[in-house]
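Read through the structure below, which is laid out as structure tokens, and then see the notes.
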Amino acid sequence: DSGVTQTPKHLITATGQRVTLRCSPRSGDLSVYWYQQSLDQGLQFLIQYYNGEERAKGNILERFSAQQFPDLHSELNLSSLELGDSALYFCASSVGQGDNQPQHFGDGTRLSIL
Amino acid sequence: DAKTTQPPSMDCAEGRAANLPCNHSTISGNEYVYWYRQIHSQGPQYIIHGLKNNETNEMASLIITEDRKSSTLILPHATLRDTAVYYCIVLYNFNKFYFGSGTKLNVKP
């Protein structure tokens, strides 16, 4: 158990819809990261938040947005969903934002777009 | 870019040491090498990381060559539960992990 909690575990929705994925980091961790894993793209970094502020951006689509709240949990919002958005979405957390601090991953949310 | 090269798959007999190689010839002097594994579709699990020196923890050992252009992850006594995809990652561009394709380790009885 990594200590990172993601909800829901599974989500099934239709094209054009909007969903929100939630992540609670490990106790004491200030950084939260979001990743997308699809069959043809592997694990891709989307975005990082540190103590409520956006710190780094990866290949995140404009239809996707995220935020980190004062209690440090984070939400990833996906809108105007397309079939290609079907994937596993992982959240990770780390104590700070330094290179010498490993990220710990949750078990992911499996998003299926019908 | 991945900045790492790993064999796509490896086999290992149960109880034997598993040695997983990784090439990272373009690594910079202050970039860390991380190893993670992913079992089925579970979240990636942190194994170990290092900068220059060899590292050991309860899960594995990490051997980094003196020129830092390659490294080896060693699982000293592989079990069936170690069957997974192992990712060697060079941390680049401030904490952005790039996982690449990894090595599928098959531990066989």
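No experiment lies behind these values; they were computed from the predicted model shown. Lettering of chains follows the sequences in order, A, B, ..., and the numbering in each one begins at 1.
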Exercise. Under 4.5 Å heavy-atom distance to chain B, tell me which part of Gln6(A) shows up: side chain, backbone, both or neither.
Key: neither
Quiz item: In terms of hydrophobic clustering (I, L, V, M, F, W, Y; side-chain heavy atoms under 4.5 Å; direct or indirect links), are Tyr49(A) and Leu30(A) co-clustered?
Solution: no
Quiz item: Relative to chain B, which segment of Leu43(A) carries a heavy atom at a distance below 4.5 Å: side chain, backbone, both, or neither?
Solution: both
Quiz item: Quick one: what part of Gln38(B) sits under 4.5 Å from any heavy atom of chain A, side chain, backbone, both or neither?
Solution: side chain
Quiz item: If you draw a 6.0 Å radius around CZ in Arg110(A), do more than 12 non-hydrogen atoms from other residues or ligands fall strictly inside?
Solution: no
Exercise. Could you state whether Met59(B) and Ile74(B) fall into the same hydrophobic cluster, counting links through intermediate Ile, Leu, Val, Met, Phe, Trp or Tyr residues with side-chain heavy atoms under 4.5 angstrom apart?
Key: no
Quiz item: Are Gln103(A) and Tyr34(B) side-chain neighbours, meaning at least one heavy-atom pair lies under 4.5 Å?
Solution: no
Quiz item: Do other residues, nucleotides or ligands put more than 12 heavy atoms under 6.0 Å from Leu39(A) CG?
Solution: no
Self-check item: Side chains of Ser2(A) and Tyr46(B) in contact at under 4.5 Å (non-hydrogen atoms)
Solution: no
Practice problem: Return yes when atom CZ of Arg16(B) has more than 12 non-hydrogen atoms of other residues, nucleotides or ligands closer than 6.0 Å, and no otherwise. | Solution: no
Exercise. Count the heavy-atom pairs under 4.5 Å between each of Gln37(A), His104(A), Gln44(A) and chain B, then report the option with the highest count.
Key: Gln37(A)
